[in-house]
Amino acid sequence: MMNLIQNTAGFTMHIVSEYVKEGDHVIDATCGNGYDTLALARMVGETGKVYGFEIQPLAVMGAMSMLERENAPAEIELIYHGHELMDRFVDEKVSAVVFNLGYLPGGEDKTVTTMTKTTLKALELAAGMIKKDGIIAVTMYPGHEEGKKERDAVLSWACSLDKSIYHAAHIKMVNQSDGAPEILAVTRKQTV
């Protein structure tokens, strides 16, 4: 059994699993190596669909290979574009949008990270794309300079959400370093 509090990305996906069911459509806004994409595919099953966004060609190829090898059960559409363009490729309401920010785990170039400006645009889009009782889940990594800036901006964005439409929760490991990963979960409690 995985120690959820010790594995932040796993903790995030555990939270997401409470909002996603067989047949749902979901978005992995930061596909990376494809592990969250695979977890989402297993949640939505054969009748569901996962849209995965990634800007690094090697990550897309690696994710495709891994998803094939693991026999991912859902329809998966990997999109070689940034998450700030998700509304151009997904024109339906979704149950979940998952962000795993920062740089590509195992990637050689740690200077290629998610960026505050595009992440904020993607979050705005996601807020309009999740259906009632859907979730936006964000794993943030403030252990590097852009990550700190991004985390601060993401939390500021969450604090500004209309409380009559959204609930937002921030999870931080209080006895770890300031650079430890953090989680933001936003649920939509009503449609406008």
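Although no hydrogens or angles enter the test, the distance criterion places a donor-acceptor pair under 3.5 Å between the side chain of Thr30 and the main chain of Asn100. For Glu54 (side chain) and Gln56 (main-chain N/O), a donor-acceptor pair under 3.5 Å exists by modelled atom type. Within the 3.5 Å criterion, the main-chain N or O of Gly62 finds no donor-acceptor partner in the side chain of Ser65.
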Side-chain donor-acceptor contacts of residues 74-85 below 3.5 Å, not counting sequence neighbours, with atom names and distances?
| residue | atom | partner | partner atom | Å |
| --- | --- | --- | --- | --- |
| Glu75 | OE2 | Lys49 | NZ | 3.3 |
| Glu77 | OE1 | Lys49 | NZ | 3.0 |
| His83 | ND1 | Ala29 | O | 3.2 |

Quiz: residues 172-182 side-chain donor-acceptor pairs under 3.5 angstrom, not counting sequence neighbours:
| residue | atom | partner | partner atom | Å |
| --- | --- | --- | --- | --- |
| Ser177 | OG | Gly179 | N | 3.3 |
| Glu182 | OE1 | His170 | NE2 | 2.6 |
| Glu182 | OE2 | Arg151 | NH1 | 2.7 |

Residues 9-18, side-chain donor-acceptor partners within the protein, below 3.5 Å, at least two apart:
| residue | atom | partner | partner atom | Å |
| --- | --- | --- | --- | --- |
| Thr12 | OG1 | Thr8 | O | 3.0 |
| Thr12 | OG1 | Thr139 | OG1 | 2.8 |
| Ser17 | OG | His14 | O | 2.6 |

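We find the NZ-NZ distance between Lys189 and Lys132 to be 10.5 Å, quoted to the nearest 0.5 Å. Atom CD1 in Ile136 sits 6.0 Å away from atom CG in Leu123 (nearest 0.5 Å). Rounded to the nearest 0.5 angstrom, Ile55 CD1 and Cys31 SG are separated by 12.0 Å. Interatomic distance, OG1 of Thr37 versus CG of Asp28, reported as 3.5 Å (0.5 Å rounding).
For the side-chain hydrogen bond (donor to acceptor under 3.5 Å, both in side chains) test, no residue two or more places apart in sequence or in another chain qualifies with Glu145. The side-chain hydrogen bond (donor to acceptor under 3.5 Å, both in side chains) test applied to Thr118 returns no partner, not counting sequence neighbours. Evaluation of the side chain to side chain contact (heavy atoms under 4.5 Å, CB included) rule for Ala153 yields Thr116, Leu120 as partners, not counting sequence neighbours. Considering only residues two or more places apart in sequence or on other chains, Asp162 meets the side-chain hydrogen bond (donor to acceptor under 3.5 Å, both in side chains) condition with Ser164. In this structure, the salt bridge (charged side-chain N to carboxylate O under 4.0 Å, His left out) partners of Lys149, at least two apart in sequence or on a different chain, are Glu146. For Thr119, the side-chain hydrogen bond (donor to acceptor under 3.5 Å, both in side chains) partners at least two apart in sequence or on another chain are Glu150. With sequence neighbours left out, Ser95 forms a side chain to side chain contact (heavy atoms under 4.5 Å, CB included) with Val20, Asp24, Val26, Lys131.
Residues Trp157 and Val138 have side chains not in contact (no heavy-atom distance under 4.5 Å, counting atoms from C-beta outward). Using a 4.5 Å heavy-atom cutoff, the side chains of Met64 and Leu67 are not in contact. Using a 4.5 Å heavy-atom cutoff, the side chains of Glu92 and Tyr51 are in contact.
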Give the intermediate values and the outcome of side-chain contact (heavy atoms from CB on, under 4.5 Å) for residues Ile27 and Phe89.
-> CA-CA 11 Å; Ile27 296 172; Phe89 299 90; over 6 Å; no
What do the steps show when you test His25 against Val44 for side-chain contact (heavy atoms from CB on, under 4.5 Å), and what is the final call?
-> CA-CA 7 Å; His25 290 196; Val44 302; over 6 Å; no
Intermediate values then yes/no, side-chain contact (heavy atoms from CB on, under 4.5 Å), Val94 and Ile130 = CA-CA 5 Å; Val94 296; Ile130 59 169; 4.3 Å; yes
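Here the shortest heavy-atom pairing between Ala63 and Gly32 reads CB-O, 3.7 Å. Taking all atoms of both residues into account, the shortest heavy-atom contact from Met140 to Val154 is SD-CG1, 3.7 Å. Contact between Met66 and Tyr35 at its shortest, heavy atoms only, is CE-N, 3.7 Å. Heavy-atom minimum distance, Tyr141 versus Leu101: CD1-O, 2.9 Å. Residue Tyr166 comes nearest to Ala127 through the heavy atom pair OH-O, 2.8 Å, listed as atom of the first residue, atom of the second, then distance.
Applying the salt bridge (Lys or Arg N to Asp or Glu O under 4.0 Å) test to residues at least two apart or on different chains, the pairs with a partner in residues 37-48 are Arg42-Glu70.
Around atom CZ of Arg69, more than 12 heavy atoms belonging to other residues, nucleotides or ligands sit under 6.0 Å away.
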